[in-house]
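These notes concern the structure reproduced below.
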There are 2 protein chains.
Amino acid sequence: MDMDARKLRILRAIIDDYILTGVPVGSRTISKKYEMGLSSATIRNEMSDLEELGFLDQPHVSAGRIPSAKAYRLYVDSMLQAGIIPDDSAESVLSHFSGRVHQMEEVIDHAAKVLSSLTQYTAVVLSPKGNEPRIQTIQMVPVSAESALVVIVTDQGLIRDSIIRVSSEVDGDTLYAISRTLTNELRGSTLTDACGIMPQLIRRMDGNDEVLRSLYGFFNEGKTVTRSPHVAIGGTSNMLSYPEYSDVDKARNFLSLMETRDKLADIIRGSGEMAFTVRIGPETGVPEMADCSIVTASYSTRSGQQGTIGVIGPTRMRYSRVISILNMMGHELTDMFSGEDEGKRTP
Amino acid sequence: MDMDARKLRILRAIIDDYILTGVPVGSRTISKKYEMGLSSATIRNEMSDLEELGFLDQPHVSAGRIPSAKAYRLYVDSMLQAGIIPDDSAESVLSHFSGRVHQMEEVIDHAAKVLSSLTQYTAVVLSPKGNEPRIQTIQMVPVSAESALVVIVTDQGLIRDSIIRVSSEVDGDTLYAISRTLTNELRGSTLTDACGIMPQLIRRMDGNDEVLRSLYGFFNEGKTVTRSPHVAIGGTSNMLSYPEYSDVDKARNFLSLMETRDKLADIIRGSGEMAFTVRIGPETGVPEMADCSIVTASYSTRSGQQGTIGVIGPTRMRYSRVISILNMMGHELTDMFSGEDEGKRTP
DNA sequence: GTTAGCACTCGCAACCGGAGAGTGCTAACA
DNA sequence: TGTTAGCACTCTCCGGTTGCGAGTGCTAAC
């Protein structure tokens with residue numbers, strides 16, 4: 001026995017119905033609601049076959065059937081192959097970015113919010129992650145008599161800034177001079193490189209040791225800090241709307257997973273830097289998410305870094321809708337981040 | 001009939017027990033567990049009185065009593081008056097800030113995490129909010145051939161930065177020169193002021209119109225953006241551990257409230273800039289929080305801005321513990337932000 | 001191959017009844 | 001007059017039972 005067109009049609013109807021209602025679906029429902037031209041008894045036989053093939057599960061004997069992870073997988077794959085994407089789909093995502101100027105992190109936060117409110121699931125947006133950024137400009141700005149702000153611009157437009165102490169004798173012009181020299185010496189290096197070079201620079205540029213040493217310290221810290229990307233989450237509470245999470249313990253587990261951003265980032269990014277991923281149930285590899293699905297897409301910035309956006313929902317997710325929304329949002333973000341003014345734009 | 005010492009002692013026992021167990025407490029429990037030297041019957045009479053006085057509620061006739069908001073209020077007030085604070089309280093909060101250097105926002109995020117894990121409730125930390133910041137230094141740093149980074153240092157150490165377009169003819173030294181002039185002209189102004197001054201500056205400093213106009217635009221945006229403070233939340237999932245939130249609907253309401261950061265910030269800050277607040281149940285003024293309590297404390301930075309930290313928990317909160325932890329955390333943050341290096345430190 | 005019919009299986013909601021907790025009241029006691 | 005023992009009463013909670021409805025699987029007829 002194997003799959004034929006009719007089995008497929010029936011399976012599809014079952015999945016559609018289950019996604020809609022969330023309750024096990026019976027043979028009668030299929031035969032009536034989706035005019036198949038078949039009686040419930042026939043459907044019943046087919047369903048029995050489908051169960052044997054591993055596409056359906058039966059919570060208990062007298063309930064209807066529910067689709068298995070394998071079924072969703074088939075469903076999603078065939079949908080993607082057929083290119084059925086923007087069908088029941090999203091209004092333009094575009095309109096949700098209002099005519100304001102955005103900082104990178106704001107865009108990301110906002111994207112998570114929009115994504116969750118459009119999908120009614122939980123959304124996660126990761127900031128782009130690329131190679132270690134390379135220094136482009138270093139500038140120190142006096143802040144008070146005793147402290148200065150260090151700004152480092154990198155090739156990724158990423159800016160690390162921090163305040164360091166400087167002795168009160170060093171004035172703005174001196175800082176500017178030092179900044180210029182440093183920029184010349186360190187342009188193109190990574191922060192890690194910079195840490196290697198600094199000691200000899202300190203020896204060479206005698207005077208202003210204090211400032212240089214502070215900077216050295218700053219580089220050292222910066223090395224580690226730069227790595228962790230920004231993670232924005234939206235609509236965690238949406239999950240609780242679904243009967244799958246009416247169990248409070250389950251909900252709590254899910255929420256605490258959402259709270260550990262690092263772990264969450266790993267999970268979302270789990271599938272490498274693929275342009276597009278759908279992971280269903282066990283495929284997520286996370287026990288806590290055994291009955292969740294994760295759909296991710298990626299976006300990229302002008303400098304070629306990859307960021308990831310993802311939606312987490314119950315396995316009976318409205319895949320086509322989610323996929324289409326993610327698609328649009330991915331493009332939207334890519335556009336936004338490849339504008340002339342990297343990291344911001346005025347629409 | 002009015003309160004006497006015995007009634008108070010009994011009320012206190014009831015509250016203690018209820019905070020511990022979360023279930024309505026009966027007369028027998030009080031008379032046995034807390035050696036009162038009184039029979040359950042006597043306690044019963046007193047409890048009846050206490051109910052009449054509005055300190056106790058009875059979910060139904062054959063359940064025990066639970067403390068009312070009024071009772072908690074009395075409890076907290078008497079506790080505060082007596083100065084009973086660091087009793088059953090926190091190990092040093094200090095140890096939780098490991099020996100690393102922190103950026104303001106990181107400190108705040110971290111504080112929320114620590115606070116929630118110490119209290120087992122939900123914690124909220126707001127970044128300091130003061131008057132509109134005043135410009136101290138303006139600096140532009142070339143980023144690419146066509147764009148520059150603007151950094152504005154304010155008296156609050158608050159830094160606004162953004163990327164603006166500049167034409168390719170303008171080199172780094174020119175930018176530095178313009179920056180110096182602007183700093184001289186605008187030092188001490190707020191961004192709002194700056195917007196007023198800019199037009200005439202543009203007229204006076206002829207040449208480099210483009211750069212100045214871009215800056216003007218940036219000031220205009222900055223005015224509005226600067227206002228929204230950073231809000232860090234920790235331990236939202238903790239709330240679901242308490243039977244009060246075993247109802248999924250309630251939990252969802254609570255969570256979506258936590259997601260709207262602006263509203264949350266308003267609520268937390270709701271009680272003005274008091275050094276210390278305890279709002280119990282209805283006192284929060286938020287219907288969704290009718291059976292929550294909010295305890296807040298404030299911290300301040302060197303420049304005198306006030307930030308707020310808060311803990312949200314069920315009304316049967318372990319007040320003394322929470323208050324003591326908040327106290328310590330408040331001091332800790334104040335110390336951290338009044339160090340020489342405003343906004344960061346190396347312990 | 002399809003379908004009607006039927007017996008069978010479960011889950012679920014409603015119902016019932018007893019147990020237990022806790023109260024309020026009354027009457028006795030110090 | 002305050003305290004306590006005793007008792008009837010009220011509710012909730014829990015376990016067991018029952019009936020209903022949904023849905024299946026099988027068989028026999030078309």
Side-chain angles (χ1 to χ4, degrees), chain A residues 1-11 13-15 17-18 20-68 71 243-244 246-247, chain B residues 1-11 13-15 17-18 20-68 71 243-244 246-247:
Chain A
M1 166 195 45
D2 46 69
M3 283 302 261
D4 56 21
R6 195 173 72 180
K7 280 194 178 49
L8 216 69
R9 222 169 72 242
I10 292 177
L11 181 56
I14 294 174
I15 297 179
D17 200 75
Y18 187 67
L20 207 66
T21 66
V23 296
V25 15
S27 53
R28 219 178 123 77
T29 313
I30 298 300
S31 110
K32 290 218 152 178
K33 226 159 104 183
Y34 304 79
E35 63 286 300
M36 289 270 159
L38 292 173
S39 81
S40 64
T42 312
I43 308 277
R44 216 138 56 219
N45 290 329
E46 295 288 37
M47 282 167 90
S48 175
D49 290 354
L50 284 168
E51 181 170 358
E52 204 172 322
L53 288 166
F55 290 108
L56 294 179
D57 291 330
Q58 201 168 16
H60 56 265
V61 60
S62 84
R65 309 292 216 289
I66 61 175
S68 67
E244 281 85 343
S246 57
D247 178 15
Chain B
M1 163 195 47
D2 45 71
M3 284 300 263
D4 55 22
R6 195 174 71 179
K7 280 194 179 47
L8 217 69
R9 223 171 69 241
I10 292 177
L11 181 57
I14 293 174
I15 297 179
D17 201 74
Y18 187 68
L20 208 66
T21 66
V23 296
V25 16
S27 52
R28 218 179 124 75
T29 313
I30 298 300
S31 108
K32 288 219 152 175
K33 224 159 106 183
Y34 305 78
E35 63 286 301
M36 290 269 160
L38 291 173
S39 82
S40 64
T42 312
I43 308 278
R44 217 140 54 220
N45 290 330
E46 296 288 39
M47 281 166 90
S48 176
D49 290 353
L50 284 168
E51 182 171 358
E52 204 171 322
L53 288 167
F55 290 107
L56 294 180
D57 291 330
Q58 202 168 16
H60 56 264
V61 59
S62 85
R65 308 294 217 289
I66 61 176
S68 68
E244 281 86 342
S246 57
D247 178 15

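Below, chains carry the letters A, B, ... as their sequence lines are ordered, and counting in each starts from 1.
Glu51(B) has its CD atom 10 Å from the P atom of dT23(C), to the nearest Å. One atom, CG of Leu56(B), and another, P of dG22(C), lie 14 Å apart when rounded to the nearest Å. Straight-line distance from the CG atom of Asp57(A) to the P atom of dG23(D): 17 Å, rounded to whole Å. Between Arg28(A) atom CZ and dG25(D) atom C1' there is a gap of 17 Å when expressed in whole angstrom units. Atoms CE (Met47(B)) and P (dA21(C)) sit 16 Å apart, rounded to a whole Å. Rounded to a whole Å, the NZ atom of Lys32(A) is 12 Å from the P atom of dG23(D). In this structure, the CG atom of Asp17(A) is 10 Å from the P atom of dG23(D), given to the nearest Å. Atoms CD1 (Ile10(A)) and P (dG1(C)) sit 15 Å apart, rounded to a whole Å.
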Contacts under 3.5 Å, N or O only, protein and nucleotides 3-5 of chain D:
residue	atom	partner	partner atom	Å
dT3(D)	OP1	Arg6(B)	NH1	2.6
dT3(D)	OP2	Arg6(B)	NH1	3.4
dT3(D)	OP2	Arg6(B)	NH2	3.0
dT4(D)	OP2	Ser39(B)	N	3.1
dT4(D)	OP2	Thr42(B)	OG1	2.5

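Considering all non-hydrogen atoms of both residues, Ala71(A) and Ile15(A) come closest at O-CD1, 3.7 Å. Here the closest non-hydrogen pair linking Ser39(A) and Ser31(A) is C-CB, 4.0 Å. Residues Pro67(B) and Leu56(B) come closest through the heavy atom pair CA-CD2, 3.9 Å. Annotation for Gln58(A) and Gly64(A): closest pair CG-O, 3.8 Å, computed over non-hydrogen atoms.
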Given protein heavy atoms under 4.0 Å, the one-letter contact record of nucleotides 13-21 of chain D, with B base, S sugar-phosphate only and - none, is simply ---------
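OP1 or OP2 of dT23(C) lies within a sub-4.0 Å distance of a side-chain N or O belonging to Arg65(B).
Put simply, the residue from Glu52(B), Glu51(B), Glu46(B) that forms a salt bridge (charged side-chain N to carboxylate O under 4.0 Å, His left out) with Arg65(B) is Glu51(B). Each of Leu20(A), Val25(A), Thr21(A) was compared with Val23(A) under the side chain to side chain contact (heavy atoms under 4.5 Å, CB included) criterion, and only Thr21(A) meets it. Among the candidates Lys32(A), Arg28(A), Lys33(A), the single residue satisfying the salt bridge (charged side-chain N to carboxylate O under 4.0 Å, His left out) test with Asp17(A) is Lys33(A).
When atom types are taken as modelled, the side chain of Ser27(A) and the backbone of Arg44(A) share no donor-acceptor pair closer than 3.5 angstrom.
For the pair Gln58(A) and Val61(B), both in contact range of DNA chain D, the more 5′-proximal nearest nucleotide belongs to Val61(B).
Here the side chains of Phe55(A) and Met3(A) are in contact, with some heavy-atom distance below 4.5 Å. In this structure, the side chains of Pro59(B) and Pro24(B) come closer than 4.5 Å at one or more pairs of heavy atoms. Within the 4.5 Å cutoff, the side chain of Thr42(B) has heavy atoms near those of the Arg6(B) side chain.
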Give the dot-bracket line for DNA chain D from 5' end to 3' end: parentheses for intra-strand Watson-Crick or G-U pairs under 3.5 Å, square brackets for crossings, | for inter-strand pairing, dots for unpaired. ||||||||||||||||||||||||||||||
